[in-house]
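Note on naming: letters A, B, ... go to the chains in the order of the sequence lines (proteins, then strands), and numbering restarts at 1 for each one.
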Number of protein chains: 2
Amino acid sequence: MQAVDRAIRVLLYLASDEARGESGVSDIAKGTGLPKATVHRLLRAFSPHRFVEQNPETGKYRLSWGVFEVGNKVPGVIGLKMAARPEMASLCEISRETVNLAVRDGTDAVLIDKVDSNQLLRLELEIGRREPLHATALGKALLCEFGKDALAGVFGPEPWPAVTPSTIQTLAGFAAALEAVRRDGYATDNEEFSVNIRCVGAPIRNHTHRVIAAISVSGPAHRFPADRAKEVAPAVVQAAKNISKLLGHG
Amino acid sequence: MQAVDRAIRVLLYLASDEARGESGVSDIAKGTGLPKATVHRLLRAFSPHRFVEQNPETGKYRLSWGVFEVGNKVPGVIGLKMAARPEMASLCEISRETVNLAVRDGTDAVLIDKVDSNQLLRLELEIGRREPLHATALGKALLCEFGKDALAGVFGPEPWPAVTPSTIQTLAGFAAALEAVRRDGYATDNEEFSVNIRCVGAPIRNHTHRVIAAISVSGPAHRFPADRAKEVAPAVVQAAKNISKLLGHG
DNA sequence: TTCGTCGTTTCACCTTCCGGAACAGCATTC
DNA sequence: GAATGCTGTTCCGGAAGGTGAAACGACGAA
């Protein structure tokens, strides 16, 4: 399926930071390594479905709303957002920090929605972004039910890539962290994903009792000492439980 | 570009309401009119990019997070959401009705984001949904700068399709409505899209002073008499202006 | 057991995509 | 102002690659 594979590569290029919104045919050809004529043909195939559109002024191409429309039809995304948003808003009000909602996809957590704090200093992660599971509170919450063998099947060989000096890089270390999550009901991230950022996360379950998502509160380390994390954790856990209840859990 | 076109048709089928989340290969083949083997090959091409995934329990296929990720990289979507969300939240608090954010794509308004009221009776429109421009307050706000000739270029021949008995179906009628929008600064929808639903919308402009989006407040007609609409309108206009300012307008 | 249907695989045919090269239009340069 | 270098776009012969009817193995229902 060469043609489809190339088509997706063009889409991914347009979605990449490298493209920064608009790209010319030649840029895409260079970025993907495909011949210019091929890229142009693919773009023409996308246009009628509104996956891409051409800026009539510059002649350059950009992603368009057709792909946004399809992307928001991923099963669960609407229900999750609707169930979670009110709880996230009140959690943001309580904690005065940014609240994130994510699901698992492979070895990444995909950010589905967020509610920003109105603090001046805050973590800016875009919706749709990916974060490595092994380096985040969201990841620990999403994987909290996984045993050592299941984890080994998800992640590659050790040591796992270090995002910061504090990132957990071993199966044993991560399994111990998950044990703590199961015991306490919440997960933490002590500057394991980004230096100076701490998080507290909790798992969300659906009617089959399986963990299908997670929420987290994240803030700069100076506003998030260890005791503050413990203070916020019950609110995070409660919010996650409330969302789970809306999804039929409990 | 036959293969790409078919690939997109498969994606669109999986995104359609008909698919309801999960679909088998045979369902997709029937729904798209494509041979079963072809559908299967396309699905296998999508998998490594995480555009679709297979439910290991049922064997059926569903959209996955890769396409969500790409969809949220459509230029403007992140900036718009971030600029608009706080204003939308306070507008929702003031009006106690659902607040919508949309952009134009062809003859449709695409719903980008929304903040739900906590009223029991409320309009439920999913993010990514499309509404016809000519039947909504959002549409009138998005097109408010268009003259008669420009409108004729956007829409097809008259009469335009009626969504409800009140839907404006003629170019002249719609142009008059836009004249009112330009005069008052806000647009209205008197059960033109859905019986028993009224809306008030206002345009959002970017740094080039062009209308790039619109917000609206929508509620059931019994809570939205004509005087209430006039009462809410200034808040809607002010919110739209605040968002525009964040985007560099004025 | 038998039947039906599921997702998956095969393979020879031939459609359809491929991509270097040429094209027209616009900017910048000398 | 002609030359140069870019842009997006088009053309066409060659062959790579997609196509899809039919067969397969596995599962579940009758």
J.: In this structure, how many angstroms lie between the P atom of dG20(D) and the CD1 atom of Ile28(B), rounded?
T.: 16 Å
J.: Given 3.5 Å as the limit, does a donor-acceptor pair link the side chain of Glu192(B) with the main chain of Ala135(B), or not?
T.: no
J.: If only atom types and distance count, is the side chain of Arg104(A) paired as donor or acceptor with the main-chain N or O of Gly106(A) below 3.5 Å?
T.: yes
J.: So does His40(A) get a side-chain nitrogen or oxygen closer than 4.0 Å to the phosphate oxygens (OP1/OP2) of dG8(D)?
T.: no
J.: Kindly say if Tyr61(A) contacts the phosphate of dT9(D), meaning a side-chain N or O under 4.0 Å from OP1 or OP2.
T.: yes
J.: Decide, yes or no, whether a salt bridge links Asp189(B) with Lys140(B) under the criterion of side-chain N to carboxylate O below 4.0 Å.
T.: no
J.: Please report, rounded to the nearest Å, how far the P atom of dA26(D) is from the NZ atom of Lys60(B).
T.: 20 Å
J.: Is Arg50(A) reaching over with its side chain to a backbone N or O of Val52(A), donor-acceptor style, under 3.5 angstrom?
T.: no
J.: Relative to the 5' end of DNA chain D, which residue comes earlier, Ala37(B) or Ser23(A), by the nucleotide with the nearest heavy atom?
T.: Ser23(A)
J.: Working to the nearest 0.5 angstrom, can you tell me the gap between His134(A) NE2 and Gln169(A) CD?
T.: 7.0 Å
J.: To the nearest 0.5 Å, how far apart are CG in Leu133(B) and CG in Leu142(B)?
T.: 6.5 Å
J.: Can a donor-acceptor pair be found, under 3.5 Å and without considering hydrogens, that links the side chain of Ser216(B) to the backbone of Gly201(B)?
T.: no
J.: Using the rule side chain to side chain contact (heavy atoms under 4.5 Å, CB included), only one of Leu171(B), Thr170(B), Thr107(B) pairs with Trp160(B); which is it?
T.: Leu171(B)
J.: Take the protein atom CD of Glu53(A) and the nucleotide atom P of dG8(D), then report the distance between them rounded to whole Å.
T.: 16 Å
J.: Just the table, please: protein N/O against nucleotides 15-19 of chain D N/O, every pair under 3.5 Å.
T.:
from, atom 1, to, atom 2, distance (Å)
dG17(D), OP1, Gln2(A), NE2, 2.8
dG18(D), OP1, Gln2(A), N, 2.1
dG18(D), OP1, Ala3(A), N, 3.3
dG18(D), OP2, Met1(A), N, 3.3
dT19(D), OP1, Gln2(B), OE1, 3.3
dT19(D), OP1, Arg6(B), NH1, 3.4
dT19(D), OP2, Arg41(B), NH1, 2.8

J.: What is the 5' to 3' range of DNA chain C, first to last nucleotide, that sits under 4.0 Å from any heavy atom of chain A?
T.: dC17(C) to dG20(C)
J.: Send over the distance from Asp27(A) CG to dC6(D) P, rounded to a whole Å.
T.: 12 Å
